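Contents: one structure, followed by commentary.
Computed from a predicted structure; not experimentally measured. First the proteins, then the strands, lettered A, B, ... as listed; each starts at 1.
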Amino acid sequence: MADAGRVFLVLAFVVATYTTLMSLLGAVKKQRDFHESAHNGIIAGAILTTLAWGALLYAFISMDFSLQYVAQYSSRDTDLVYRISGSYAGQEGSLLMWAWSLAVFHLIAQWQNRRSNQVLMPWVNVVMASSLVFFLGLLTFVSDPFKRLPYIPADGEGLNPLLQNMGMFFHPTTLYIGYVGFSVPFAFAIAALITGRLGDEWIRSTRRWTLFAWFFLSLGNLFGAQWAYVELGWGGYWGWDPVESASFMPWLTGTAYLHSVMVQQRRGMLKVWNMVLIITTFSLTIFGTFLTRSGVLASVHTFGASAVGPLLIGLLTILVVGSLGLLWARLPLLRSDDELDSMVSRESSFLLNNLLLVGAAFAVFWGTVFPLISEAVRGVKVTVNAPFFNQVEGPILLALVLLMGICPLIGWRRASTENLLRNFAYPFAIAIATALLLYFVVGIRVVYAAIAFGTCAFVLSTLFLEFYRGTRAKRLLTGRNYLSCLANLIWGNKPRYGGYIIHIGVILMAIGVAGSQAYKLEQEVTLNKGEEVSIGSYRLVYETLNTFPTRSKEVVSATLSVYSGGSLIGRMSPSKEFHKSHSTPNTEVAIRSTPLEDLYLILASWDGDRASFKFIVNPLVMWIWIGGWVVLLGTAIAYWPDAREKQRAVARERARVARVGAVPILEG
Amino acid sequence: MRGSALFRYWKGRRGMVLTLLRLNPWRFRRCQSVALAVLLLAATWAPALADDAADLINELMCPSDCVETLAVCQMTESVQMRAFVKAKVSEGWSKQKITDNLVAQYGERILAAPTKQGFNLTAWVTPFAAILGGGALITLLVGNWVRRRHVYDRLVSERVGATAGDGDLEGYRDRLRAELQDFE
């Protein structure tokens, strides 16, 4: 089966190369035969890549240790679910997953546009097929997942215990779907530049792909944060590791792109900027995978240095230089169809939103590469970690949160003074009242936290006002109950209200982050059996320390009784696991989650009956995950097909195009 | 007269906002940008509030190559360095003295963030400078667009007069823009 996998891989590479050539010939010569041949090549490429991926999965499931890759990331005592996730734990498997996703997305994009975008699609096929050629080429010539060992070991090395968590199932897969998903809007953008079809036709065709990619990138980042929180045993969820930052940057620019395309669709403006954003977003996905595979920056996520790194830099260079060169050549065709009416308008607030999002992405990029810059300029190695990013990104993201409350209440084209005051008066008052209440009554004395919570209250108020006004207007018109009117309001304009729900989710996450960053309690103690310690509102009594073996590891587990308000509320057992296949023990934390706070227990070390612990109380962390689910809901609503919105968008585009050809203005 | 009218507005409940918005939207927007910039810059130099040992543990890296802060890393080297930091704090060493001692042993890489002096200051300043520069550029561009819009409106109004409807005006404006772009 492994040999068959290698054959499928090589064939997929050949077919992808053929597809690229046929697509190019079809695009240049505009002959149907070449198009048809390219279409068949896309189908064959997707099938062959799927078969190659299937062969690798089979090798892992059947524990074929004759393959070097399988022997590195699996073993006889690895559970089936982790043998499957181990297939993409390493360099080779993750590259194959990338190539497979790309082939499948290309097939879907081709099928979706089988009767539309006939001018753009040949060039879309060229871009996507050539991208697939690159990744299949890496797999065929540089990083072969089907490479055989000269001998067959009795057992594999096993999967790193840190990766033996359900997060391994969801985090890399969703992240890769997000990364690869952006290749579709990027390909359409390049096709639009090449063909000169620079209206918003290409944006309309890729809006849902962009939302799809953004959604999975959001999920990937969230799953990663949750995995870090429950598995890594340090009480946090985001460590600003270079690879974490690399997945955050395209999310930021992708978010900016999602907002600014609305301005192009409504007003025919920001065409150049939207091109720059999609090129930047796609380039950052390649940059992210470069960081993971090059070893150029130290990270807990990297696969280590390899020959893949320089090749990815080459791809990135061609991509950036080629795209920007093409953009430069097409600048005259990208003139705006309109101007801004006023400095105070939704359009200008979107510009400010973009400034902050791209600024935040730049700040992350700058911090990530600064160690390299410092070494190049001064010859001194420096580290840029959490303290830098917290101080730099924190204020920028807070300003962005504030803008999330302002933008929806400013009208398109121009906002009147009366309108602004009417819309902002109550939310502003609620924000000030919340901040003062938290500071003086609740006793939240960290100024940052009070400002952050006040800002969140402001945004939630503005969003609530939007829903309330719309629902009340519908109720006055129809006489139905509020719930029915609310549902009708949301379903009647899914992109808009789905977007607002996403904003609510982001605010909930911001509340969780602000609370857990500002009010975390930590305590490191050493206890004898029967001794107790207090942290926050909890009293913890160390009861026992047990050691027991399982099939693949030995577990040392401490049991503590947890009291709150004098009553026993439960028992928690943090532990350390010693896996047979790995020398470093794995920390398994014990977490008790409530909406108000998480109690987080870590077993650090022990000596006989004495044990050292780290206890953490993390306020409001649950709201980060709840907010994530709300973002998921909002995205699903925004993504749902909305025939009326599509008709409105088409009508707006036609009206704008028609106006340019109106009666002559300068007569006589 | 104008001055006294301004003063009455100033004294009013919404006077300041109304004054700024109605009389000078540009100044309001610039004030907004300056306030935002001050907020952003001030926030980076606001002091942390936790105790010294906890501060240092969050601000120092594990001395091995694990690329995690002392607060996160569970390796033996981190455990030992945390104990060292706590011991020195309890002996009365200042944060700066402990930091200088560790930098002398391990180099600047032991710090979890670059210092705020010399070349390292560029790490801190560049992102905000980029945002402020971008903000200035956007303000210029937007101002240009709005001014051009007003010019088109004025030309169209002078030519076409008050009898044209909004849709016609929009059409004439677009046509003027297209012809001027062709001319350029």
Side-chain angles (χ1 to χ4, degrees), chain A residues 232-234 236 239 241 298-300 335-344 348 351-352 355-356 358-359 362-363 366-367 370 374 377-378 380-388 391-392 394-396 398-399 417 420-421 446-448 522 524 587 604-605 656 659-666, chain B residues 14 17-18 21-22 25-26 29 36 39-40 43-44 46 49 54 58-59 61 65-69 71-74 79 107-114 119-120 123-124 126-128 130-131 134-135 138 142-143 145-146 148-149 152 156 159-160 168 170-172 174-179 181:
Chain A
L232 295 186
W234 57 281
D241 181 85
S299 165
V300 297
R335 281 188 170 143
S336 293
D337 296 339
D338 211 337
E339 288 82 29
L340 283 181
D341 294 68
S342 166
M343 292 285 267
V344 185
S348 58
L351 276 176
L352 189 56
L355 172 69
L356 290 174
V358 174
F362 174 73
W366 182 249
F370 191 79
S374 172
V377 171
R378 296 169 61 213
V380 174
K381 281 189 183 180
V382 297
T383 311
V384 181
N385 208 285
F388 171 86
Q391 287 184 67
V392 172
I396 300 174
L398 184 61
T417 312
L420 280 174
L421 288 170
V446 177
V447 175
Y448 282 130
E522 287 185 24
E524 291 186 42
T587 303
S605 62
R656 200 174 55 246
R659 278 204 317 267
V660 178
V663 296
I665 188 165
L666 299 171
Chain B
R14 297 170 297 174
V17 174
L18 281 172
L21 284 178
R22 282 185 181 166
W26 301 79
R29 184 141 174 100
L36 180 62
L39 177 69
L40 289 174
T44 64
L49 297 175
N58 284 309
E59 293 166 8
M61 299 297 291
D65 290 329
C66 74
V67 296
E68 291 175 339
T69 59
V72 173
C73 185
Q74 303 297 319
V79 173
E108 283 185 43
R109 69 173 184 89
I110 203 68
L111 302 172
F119 179 76
N120 285 344
W124 298 91
T126 305
F128 295 106
I131 289 173
I138 285 174
V142 168
W145 283 336
V146 172
R148 205 158 56 182
R149 179 70 170 211
Y152 290 158
V156 164
R159 184 76 184 162
V160 173
D168 292 338
E170 196 66 36
Y172 291 136
D174 292 337
R175 188 73 177 183
L176 172 62
R177 182 188 313 105
E179 289 179 2
Q181 283 174 357

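- The shortest non-hydrogen separation linking A:Arg378 to B:Glu108 is NH2-OE2, 2.7 Å.
- Between B:Ile131 and A:Phe362 the shortest side-chain heavy-atom distance does not fall below 4.5 Å.
- A donor-acceptor contact shorter than 3.5 Å links the side chain of A:Thr383 to the backbone of B:Arg109.
- For the pair A:Leu352/B:Ile138, no side-chain contact is recorded, criterion being any heavy-atom separation below 4.5 Å from C-beta on.
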Taking it one step at a time, do A:Val382 and B:Asn120 satisfy side-chain contact (heavy atoms from CB on, under 4.5 Å)? CA-CA 9 Å; A:Val382 297; B:Asn120 285 344; 4.1 Å; yes
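- Side-chain contact between A:Trp234 and B:Thr69 is absent, with no heavy-atom pair separated by less than 4.5 Å.
- Taking every heavy atom of both residues into account, B:Pro114 and A:Phe388 meet most closely at CD-CD1, 4.3 Å.
- In this structure, no portion of A:Glu522 lies under 4.5 Å from any heavy atom of chain B.
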Would you check, one step at a time, whether the test side-chain contact (heavy atoms from CB on, under 4.5 Å) holds for B:Phe128 with A:Ile396? CA-CA 9 Å; B:Phe128 295 106; A:Ile396 300 174; 4.1 Å; yes
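- Looking at heavy atoms from C-beta onward, A:Pro387 lies out of side-chain contact with B:Asn58 at the 4.5 angstrom threshold.
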Step by step, work out the side-chain contact (heavy atoms from CB on, under 4.5 Å) result for B:Glu68 and A:Asp241. CA-CA 8 Å; B:Glu68 291 175 339; A:Asp241 181 85; over 6 Å; no
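- The distance from the CH2 atom of B:Trp124 to the CH2 atom of A:Trp366 is 14.0 Å, given to the nearest 0.5 Å.
- Among the candidates B:Cys73, B:Gly107, B:Pro127, B:Ala71, the residue making the largest number of heavy-atom pairs closer than 4.5 Å to chain A is B:Pro127.
- Here A:Val377 is the residue among A:Val377, A:Val380, A:Thr587 with the most heavy-atom pairs under 4.5 Å with chain B.
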